[in-house]
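All remarks here apply to the structure that follows.
Every chain is numbered from 1 and lettered A, B, ... according to where its sequence line falls, protein lines coming before strand lines.
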Amino acid sequence: MARFALVDCNNFYVSCERVFNPTLVGRPVIVLSNNDGCAVARSNEAKALGIGMGAPVFTLEALLKKHDVAVFSSNYALYGDMSRRVTITLGQLVPDLEVYSIDESFLDLSAFRAADVPRLCRTIAQTVTQDTGIPVSVGVGPTKTLAKVATGFAKKCPSLGGVCDICDPVWHERALAATPAGKVWGVGRRYAEFLKVRGINTALDLAKADRAMIRKRMGINGTRIMDELSGISCYPLEANPPTKKGVGVSRTFVRGIDDLRELREALSSYAERAAEKLRKDGLRAGAMEVYAMSSRFRKDDFYYNTATFRFPTTTSDSPEIIKGALEAFDTIYRENTPFKKLGVHMRELTREAAEQQLLFDTMDRTRASALMKTVDALNTSMGRRTVGYASSGLAASRLAPKAWHTRFNHKSPSYTTRWDQLLRVT
DNA sequence: TCTGGGGTCCTAGGACCC
DNA sequence: TCTGGGGTCCTAGGACCC
């Protein structure tokens, strides 16, 4: 029988902050999205206060003050580095590993004896916490979906010591009966509503539901969820992640912006960033989509538009991508519209290979590629945007901050990735 | 007033072709 | 009134994930 484990870091962003600031342990702590907009991670104490996932900060202000909640902006450099450390530790303990997200990894434990699995999982949890400072929960089941279900119990029931194995059929069925259908992996808000109307309330109800009905309403994934819940594995472990289908960069502004020069500057910087991401992954794009929108919370006057730009040949060249993005944006820009979000999305990605020769090319691609390599090397060794493009704007001063810059008013130091921000023990 | 970012997959429908 | 049948490609929209 197949056996999967899911290792899930508890309240990951909050736990990262706590590693370097132990005074936060036992306190309610939340970490915010970009622009300090929403709560995207909450400690158990913060969850107990009723702070929901994605709750807008402006609706929480009284609560945060009353309970002295510690508030942090997202520190992606810190979380990314801590995630890498967790992955390294796991890689040393098991042979087959799929990094599923920044805070979750699937393990294939099929090769281990059933009786040894609980002990192995406790060792994994203890080792990760010891080596990285991040507490984790481990769930085990015959499919990925069931491993997810098990992780839910590992988190909820402290008596389990952070590990829950539901491979045993008795525990398997009990766990499904105690899991709301809406908590199942792949069942979101919409499907949960639909299932409720049909009287399907628990994961067990879903596993035994009318297959044709589920197929019709939820598509092929619906029946896969049913199979997975019944112990039939549909999603194998993906040790080697497939190449990306797209690469996107987008940002929301703190307030609406209608000034064309500012918008072009913001978009240029996103295009530049997207080009960097392509080169980092060894990819090139054949086409690019540029999109712009006003506030989606102003339903009466919502503006959204996209434009596609096709490159003469696949490219990861910053100037070419910036130029294309600005050209596409000019076709969707609308005057007197308070734009809240701009983005670029690179599509039709191919692996980087020898330079494609166009019969009548307007640029020397070999030289351009060498220049990009130099730019990337400088920015890697000396910090992001050591060299960049003027179209993306010059560095903002404290006197002249950019309206489109993202707000991070509560950011902790990048303890692990910046020499000048190392933790000082005095 | 203020409400993130980066992805994936599936499905339906239209255009077009033979 | 009758009014093919596939196949492909593309796009838009919907749903989900962390």
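Classified by interplanar angle (parallel below 30°, tilted 30° to 60°, perpendicular above 60°), the ring pair A:Tyr79/A:Tyr76 is perpendicular.
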Notebook entry, point to check: Using Watson-Crick and G-U wobble pairs with both distances under 3.5 Å, what is the 5'-to-3' dot-bracket string of DNA chain C, with [ ] for crossing pairs and | for pairs outside the strand?
Noted result: ....||||||||||||||

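At least one donor-acceptor pair under 3.5 Å links the side chain of A:Asp36 to the backbone N or O of A:Asn409. Judged by distance alone, the side chain of A:Asn75 and the main-chain N or O of A:Pro413 form a donor-acceptor pair under 3.5 Å. In this structure, the side chain of A:Ser268 engages the main chain of A:Ser392 through a donor-acceptor pair within 3.5 Å.
What you find for A:Tyr333 and A:Phe339 is that their closest heavy atoms are CD1-CE1, 3.8 Å.
Donor-acceptor pairing under 3.5 Å is recorded for the side chains of A:Asp81 and A:Thr416. Side-chain atoms of A:Glu320 and A:Thr315 include a donor-acceptor pair closer than 3.5 Å.
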Next item on the list: Heavy atoms under 4.0 Å is the rule here; annotate nucleotides 7-18 of chain C 5' to 3' with B where the base is hit, S where only the sugar-phosphate is, and - elsewhere.
Entry: --------SSSS

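Side-chain contact between A:Leu283 and A:Thr350 is absent, with no heavy-atom pair separated by less than 4.5 Å. Using a 4.5 Å heavy-atom threshold, the side chains of A:Tyr389 and A:Pro319 count as touching. Two residues are said to be in side-chain contact when any heavy atoms from C-beta on lie closer than 4.5 Å; A:Ser15 and A:Pro135 meet this criterion.
Backbone-only contact: A:Lys277 has heavy atoms under 4.0 Å from sugar-phosphate atoms and none from a base. If you check every strand for non-hydrogen atoms under 4.0 Å, A:Asp36 touches nothing. Contacts of A:Arg215 with the nucleic acid, taken as non-hydrogen atoms under 4.0 Å apart, involve only primed sugar atoms and P, OP1 or OP2.
Checking A:Gly37 against A:Tyr291, the closest nucleotide of DNA chain B that is more toward the 5' end is the one next to A:Gly37. Comparing A:Lys216 and A:Ser250 by the nucleotide of DNA chain B that holds the closest heavy atom to each, the one mapping nearer the 5' end is A:Ser250.
Of the side-chain N and O atoms in A:Thr406, none sit less than 4.0 angstrom from OP1 or OP2 of B:dG4. At B:dG4, none of the side-chain N or O atoms of A:Arg407 fall inside 4.0 Å of OP1 or OP2 (strictly under the cut-off).
The salt bridge (Lys or Arg N to Asp or Glu O under 4.0 Å) with A:Glu348 is formed by just one residue from the set A:Lys244, A:Lys245, A:Arg310; it is A:Arg310.
Atom pair A:Asn34:CG and B:dT3:P shows a separation of 12 Å (rounding to whole Å applied). For the pair A:His345 NE2 and B:dG5 P, the interatomic distance rounds to 14 Å; values are reported in whole Å. With rounding to whole Å, A:Met293 atom CE is found 13 Å from B:dT3 atom P. At whole-Å resolution of the value, CZ in A:Arg296 and P in B:dC2 are 13 Å apart. Atom CH2 of A:Trp404 is separated from atom C1' of B:dG4 by 17 Å (rounded to the nearest Å).
Residues from residues 48-76 of chain A lying near DNA chain B, meaning a heavy-atom separation below 4.0 Å, are A:Pro56, A:Phe58 in numerical order.
A salt bridge links A:Arg347 to A:Glu289: at least one charged side-chain nitrogen sits closer than 4.0 Å to a carboxylate oxygen.
When the C1' atom is used for both C:dG4 and B:dC17, the distance is 14 Å, rounded to whole Å.
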